[in-house]
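What follows is one structure encoded as structure tokens, with my remarks underneath.
When reading the values below, keep in mind they use all heavy atoms of this one structure, side chains included, and skip hydrogens, waters and symmetry mates. Order of the sequence lines fixes the chain letters, A, B, ..., with proteins taken first and strands second; residue numbering starts at 1 for each chain.
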Number of protein chains: 2
Amino acid sequence: MDRERITAATVRLLDEEGLSKFSMRRLAAELDVTAMSVYWYVDTKDDLLELALDAVMAELLTGGTEAEAAPPEPAAPVAPAETVASTGAVAPTEAVAPAGADWRVRLRALASGYRSMIVRHPWASPLMGSFLNIGPHSQAFSCRLRAVLRDTGMSPAQQLGALSAVFRFVYGFGTIEGHFVRRCASAGMSQDEYYRDALGSMSERPEFVESFGSTEEIFGTQGFGGVEDLRERDFAFALDLLVAGIEAQAGKASARGPAGERTADGDPAAARG
Amino acid sequence: MDRERITAATVRLLDEEGLSKFSMRRLAAELDVTAMSVYWYVDTKDDLLELALDAVMAELLTGGTEAEAAPPEPAAPVAPAETVASTGAVAPTEAVAPAGADWRVRLRALASGYRSMIVRHPWASPLMGSFLNIGPHSQAFSCRLRAVLRDTGMSPAQQLGALSAVFRFVYGFGTIEGHFVRRCASAGMSQDEYYRDALGSMSERPEFVESFGSTEEIFGTQGFGGVEDLRERDFAFALDLLVAGIEAQAGKASARGPAGERTADGDPAAARG
DNA sequence: ACCTGAACACCGTTCAAGT
DNA sequence: ACCTGAACACCGTTCAAGT
């Protein structure tokens, strides 16, 4: 009975039953302990949730581009013990990209990893709020993203803007996706069934059918591989948009010279090389 | 005592005290009524929250590009009665754009309006989940966005991808922004104070200071107008990224011809002109 | 048709008390 | 140092009963 075991049980319960059903009393029962003994290790429910959030953030750092990731195990691609124990050896590797690869490849890898983490743990996104000051693992992930953006050719000020854009976009995508997945599950339907129903209710509006065709036409389109495939393509397309936008901005930047508007002294691109 | 009055009181309470403090009992007290009489008009708390969500979605439709917006008042730019009554004459007009303007201008207007609505009502974003099947006002807004995207020169399939991208990105931006604003308020700090504190805790990590300078350097940078100004610029920059990405994709599309990969028969761009 | 009171099965958290 | 029981002030929702 220590903080790690409590955090692991919290993550497992949150994964299985969702944020709204999680309670201190439910957790205590799971740990075969009275309701209030958890409070010896944790000040408040919110503190515990922050610990759980930090634990799943660590999933994004298994194996790494640079050694700046987590305090323990500087280089070896070993997943944190508590996470493996809780989720049952789901070792996500999508946030890992070849160290010297093109920034586009690495950006896609980081974004995909972040997104899939949010989908794996739908309870995490409402807890993330601002990506400021929420644990060392989140900061380490942010560092990796910044390292990638340094190679885009954008000015430092543009890099900061792009950092924010990528973070928030992936957050939005993963959060909505997570909501949808959970809603399907709680309705006892497959994602395709739920999507078909939703389309059905939208087909009551005639302009919708005019734009996209009837439900049967959408599902019958050749190459339509279901909602999950659709979402995969939407995400890929959105990343294409971002990458194309970054390339355009980087072109502008190099045409006008390396200096941005916002940044002050201490150009990090120059300092790092 | 009817559904409209209940919905209006709900929106007002949610705005003032937040989603977590809202309860049926609290609402009943506000309406000077016993706890359970609300259940005569509303089946469940979740149903009521959906009503509230639909009510604030209507803010995005005041005044419009086309007459496809809300059932009442087809064209006149009049805000819905219940919203005006509840928020005290905050009549947002940001989602309105000149009808025949460039798609870039109209896209920015729609995105800004959506974002500011989310910030005005931070409780709305956790409720939005998927943008599918949540009320007629949301669908009408989606229609307007589609109408704008038709003018980008993208293929219909690309338009669908961009629709998803814009929606989810703005959602992510507004949600995180709303979280931050609320967190500052509940900590009793101004946004700049909170931001300074957060930077201070991040300055404990040396690579952060190496990249961006110390807190004093960041706040002292000429042209730094505080967090809110920073966020404004981040949002504008992110929209620039999206617009540039859309332009790049549209260029590809017109170079390869109008047909996309995903769409079936019934090309809406051709049908609408 | 509309509202109420009492009740049920929950919450997070405190606090004095046990070992 | 670690855990417990009882208690406080809350929840959403049901249901029989009032007018």
Are Glu59(A) and His137(A) close enough, and set up right, to give a side chain to side chain contact (heavy atoms under 4.5 Å, CB included), and what steps lead you there?
CA-CA 9 Å; Glu59(A) 293 174 10; His137(A) 290 127; over 6 Å; no
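- Distance CE (Met24(B)) to C1' (dG5(C)): 17 Å, rounded to an integer number of Å.
- Between Met36(A) atom CE and dC8(D) atom P there is a gap of 15 Å when expressed in whole angstrom units.
- Contact annotation: the side chain of Met128(A) approaches that of Met57(A) to within less than 4.5 Å [non-hydrogen atoms, C-beta and beyond].
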Show the distances under 3.5 angstrom between N or O atoms of the protein and N or O atoms of nucleotides 1-3 of chain D.
from   : atom 1 : to       : atom 2 : distance (Å)
dC2(D) : OP2    : Trp40(A) : NE1    : 3.4
dC3(D) : OP2    : Tyr41(A) : OH     : 2.5

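- Contact check for Arg115(B) versus Glu177(B): side-chain heavy atoms found under the 4.5 Å cut-off.
- A cation-pi contact links Arg196(A) to Phe219(A), judged by a cut-off of 6.0 Å to the six-membered ring centre and 45° from its axis.
- OP1 or OP2 of dT13(D) sits under 4.0 Å from a side-chain N or O of Thr44(B).
- If you measure from atom CG of Leu49(A) to atom C1' of dG12(C), you get 12 Å, rounded to the nearest angstrom.
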Symbol by symbol from the 5' end, with Watson-Crick or G-U pairs under 3.5 Å, [ ] crossing and | another strand, DNA chain C is ||.|||||...|||||.||
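- Between Arg12(B) and Glu30(B) there is a salt bridge, since a side-chain N of the basic residue sits under 4.0 Å from a carboxylate O of the acidic one.
- Atom-to-atom, CZ of Phe22(B) to C1' of dC11(D) comes out at 13 Å; the value is rounded to the nearest Å.
- Between Arg26(A) and Asp43(A), it is Arg26(A) whose nearest contact on DNA chain C lies nearer the 5' terminus.
- Residues passing the ring pair (Phe, Tyr, Trp, His ring centres under 6.0 Å) test with Phe235(A), sequence neighbours excluded: Phe173(A).
- One interatomic measurement links the two molecules: NZ of Lys21(A) to C1' of dG12(D), which rounds to 14 Å at whole-angstrom precision.
- For Ser164(A) and Arg168(A), the side-chain atoms include at least one donor-acceptor pair closer than 3.5 Å.
- Regarding Asp46(A), its CG atom lies at a distance of 16 Å from the P atom of dC11(C), rounded to whole Å.
- Gln191(A) has its side chain within reach of Phe180(A): a pair of non-hydrogen atoms, C-beta onward, lies under 4.5 Å apart.
- At whole-Å resolution of the value, OH in Tyr39(A) and P in dA17(C) are 21 Å apart.
- The interatomic distance linking Leu31(A) (CG) with dT4(D) (C1') rounds to 15 Å, in whole Å.
- At a threshold of 4.5 Å between non-hydrogen side-chain atoms, the residues Leu53(B) and His121(B) do not count as touching.
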